[in-house]
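Data block below; observations after.
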Amino acid sequence: MEQKLKSEAKALLEQGKVDYIVGFEPGSLKFTTTPLITKDKEATDRLVINPFIVNNLATFLTELKGRIGIVTKGCDSRSIVSLIQDNKVAREDVVIIGVPCPGIIDLSKIEQLVSKDRDELDEISRKGEKVTVTVDGKKSEFPASEALHDNCLGCELPTPQECDILLGEPTSPINEKSASQTKINQLKEKASPDRWQFWKEQFNRCIRCYACRNVCPACFCERCFVEESEPQWLLPVPRWQENLMFQVVRNIHVAGRCTDCGDCERACPVNIPLRSLTKEMYDIVGDLFQFKSGMDKDAPSLMTHYEQEEAEDFIR
Ligand code: SF4
Ligand code: SF4
Ligand code: SF4
């Protein structure tokens, strides 16, 4: 897949079909990748596909001008479709290079499985349903269901369905939906006052760095409400009340747009379990409106249309 990606990406730039290629290159730390955004056809040799291509690159589409060839996993392709539905991206301006995605390895889970820091690991590899970790020459094998990110365990679209170039054979979802929900369900089982206390403590730790917003392709407002001064919706001081309100409003803004890519939770420097909010909203949207974001570019986006039979008068 990686060789095919390099040659396809180079050809797209050489033939003038795109202005930029957006993909992944090796990161500066072990077992990481970093986004590569380039106009240089020689730089396409640095592109990689491996079990660590974690970022949702769709977020760059609203920032770059011109035609873009973009490396896309299933969840990222849904974010692109959602941006098309919201008229933030024109379909003809993107060449979607699809990666059938068997799931992304969660380094924190690997560290816990082998009780080692990531710097102490020699190698991590994935073959089918097994992940092999090598430490000091000794190999340990784990089921993929113990080593992948929670959102990948419940992935509904691992192979992009909206795609111009598909780099490999379509892959099936890993289908460990209950494992994907474990953290969320544990929280839901708490009594309401305990859950309130939990979130109060979590948002006491929030430093309002906005990393969760900045990585999210569904957070595309040109001016975020938190930066408004007239009216000033939130004080800039990161008190827990303001921090919680920021997330409540952010979750409403991404309702019907969030694809459960998990990037917001991964970006949080203080490890607030943000997916427990976003995935809950994703499920509520699914239950109430039978709507899954980013599945059909020709369907209207959830928040921009209404039905004649709408229950509430004010919306008609
Ligand atoms: S959610 Fe699905 S498509 Fe996205 S990274 Fe995980 S397995 Fe891949
Ligand atoms: S990434 Fe985490 S710390 Fe930063 S604003 Fe979001 S919730 Fe707060
Ligand atoms: S809210 Fe989080 S999980 Fe949802 S699309 Fe944005 S970054 Fe991805």
Side-chain angles (χ1 to χ4, degrees), residues 24 33 49-59 62 71-83 86 98-106 126 144-145 147-161 163 170-177 180 184 199 202-221 224 226 234 236 238-240 242-283 285 292-294:
F24 298 90
T33 58
I49 297 178
N50 61 35
F52 309 106
I53 52 169
V54 69
N55 304 77
N56 185 340
L57 301 178
T59 197
T62 46
V71 178
T72 306
K73 309 182 293 294
C75 53
D76 317 341
S77 78
R78 291 180 62 188
S79 295
I80 296 174
V81 167
S82 184
L83 289 168
D86 276 320
V99 180
C101 173
I104 301 299
I105 290 178
D106 183 339
R126 166 98 185 263
S145 57
L148 302 183
H149 283 286
D150 284 356
N151 65 309
C152 295
L153 298 176
C155 178
E156 293 173 289
L157 192 77
T159 305
Q161 65 181 12
C163 167
T171 185
S172 309
I174 184 145
N175 218 353
E176 293 279 350
K177 286 198 167 42
S180 148
I184 298 171
W199 283 118
Q202 295 299 318
F203 285 110
N204 242 329
R205 300 189 295 113
C206 169
I207 54 173
R208 205 98 67 74
C209 64
Y210 300 128
C212 50
R213 175 196 69 179
N214 296 350
V215 295
C216 176
C219 268
F220 53 66
C221 292
C224 178
V226 294
L234 292 182
R239 296 189 313 157
W240 75 265
E242 259 83 10
N243 301 343
L244 173 63
M245 188 50 66
F246 162 54
Q247 284 302 335
V248 168
V249 177
R250 196 181 93 77
N251 269 268
I252 293 169
H253 283 191
V254 301
R257 299 185 169 106
C258 170
T259 58
D260 192 28
C261 74
D263 261 12
C264 48
E265 179 168 307
R266 286 189 287 268
C268 179
V270 292
N271 296 323
I272 296 175
L274 296 172
R275 183 171 175 262
S276 299
L277 295 173
T278 56
K279 179 60 168 47
E280 188 63 12
M281 181 61 94
Y282 178 98
D283 288 340
V285 164
K292 290 205 183 292
S293 43

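None of the values given here were measured: they were computed from a predicted structure. Just so you know, ligand 1 is whichever comes first in the structure, and atom 1 is the first atom listed for that ligand.
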So is [X] close enough to ligand 2, meaning a heavy atom under 4.0 angstrom away?
X	answer
Arg213	no
Asn243	no
Ala267	no

Between the main-chain N or O of [Y] and the side-chain N or O of [X], is there a donor-acceptor pair closer than 3.5 Å?
X	Y	value
Glu176	Ser145	no
Arg257	Ala218	no
Lys73	Ile104	no
Asp263	Asn56	yes
Thr159	Thr171	yes
Asn151	Cys261	yes

Which atoms of ligand 1 sit under 4.0 Å from any heavy atom of [X]?
X	value
Gly103	7 (S)
Ile104	5 (S)
Cys101	3 (S), 5 (S), 7 (S), 8 (Fe)

Among Asp260, Val254, Asn251, which residue satisfies the side chain to side chain contact (heavy atoms under 4.5 Å, CB included) criterion with Met281? Asn251
Close side-chain approach of [X] to [Y], heavy-atom, < 4.5 Å:
X	Y	result
Pro170	Pro100	no
Thr62	Leu83	yes
Thr59	Val215	no

As a check for students: among Asn151, Thr159, Asp263, identify the option with a heavy atom nearest to atom 1 (S) of ligand 1. Asn151
Examine all N, O or S atoms of Cys219, backbone included, and report whether one is under 2.8 Å from atom 6 (Fe) of ligand 3. no
Proximity to ligand 3 by part of Arg250, non-hydrogen separation under 4.0 Å: side chain
Atoms of ligand 3 less than 4.0 Å from Cys216 heavy atoms? 1 (S), 5 (S), 6 (Fe), 7 (S)
Quick note on ligand 3: atoms under 4.0 Å from a heavy atom of Thr259 include exactly 5 (S)
Mind running side chain to side chain contact (heavy atoms under 4.5 Å, CB included) on Cys219 and Tyr210 for me, showing each step along the way? CA-CA 11 Å; Cys219 268; Tyr210 300 128; over 6 Å; no
Give the residue, atom name and distance (to 0.1 Å) of the protein heavy atom nearest [atom].
atom	value
atom 3 (S) of ligand 3	Gly262 N, 3.2 Å
atom 2 (Fe) of ligand 3	Cys264 SG, 2.3 Å
atom 4 (Fe) of ligand 3	Cys258 SG, 2.4 Å
atom 6 (Fe) of ligand 1	Cys152 SG, 2.4 Å
atom 8 (Fe) of ligand 3	Cys261 SG, 2.4 Å

Thr278 to ligand 3, any heavy atom closer than 4.0 Å: yes
Run the side chain to side chain contact (heavy atoms under 4.5 Å, CB included) test on Ile272 and Trp199 for me, step by step, so that the C-alpha distance in whole Å, both residues' side-chain angles and the decisive distance to 0.1 Å come before the verdict. CA-CA 9 Å; Ile272 296 175; Trp199 283 118; 4.2 Å; yes
Can you see whether Ser77 engages Thr72 through a side-chain donor-acceptor pair at a distance of less than 3.5 angstrom? no
Going by the atom numbers of ligand 2, which of them fall below 4.0 Å from some non-hydrogen atom of [X]?
X	value
Arg208	5 (S), 8 (Fe)
Ile207	3 (S)
Gln247	6 (Fe), 7 (S)
Tyr210	4 (Fe), 5 (S)
Pro269	1 (S)
Cys206	3 (S), 5 (S), 7 (S), 8 (Fe)
Val270	3 (S)
Cys209	1 (S), 3 (S), 4 (Fe), 5 (S)

Ring centres under 6.0 Å, that's the criterion: do Phe52 and Phe24 meet it? no
Below 2.8 Å, any N, O or S contact between Cys155 and atom 4 (Fe) of ligand 1? no
Take a 6.0 Å sphere around CE of Met245 and say whether it holds more than 12 heavy atoms from other residues, nucleotides or ligands. no
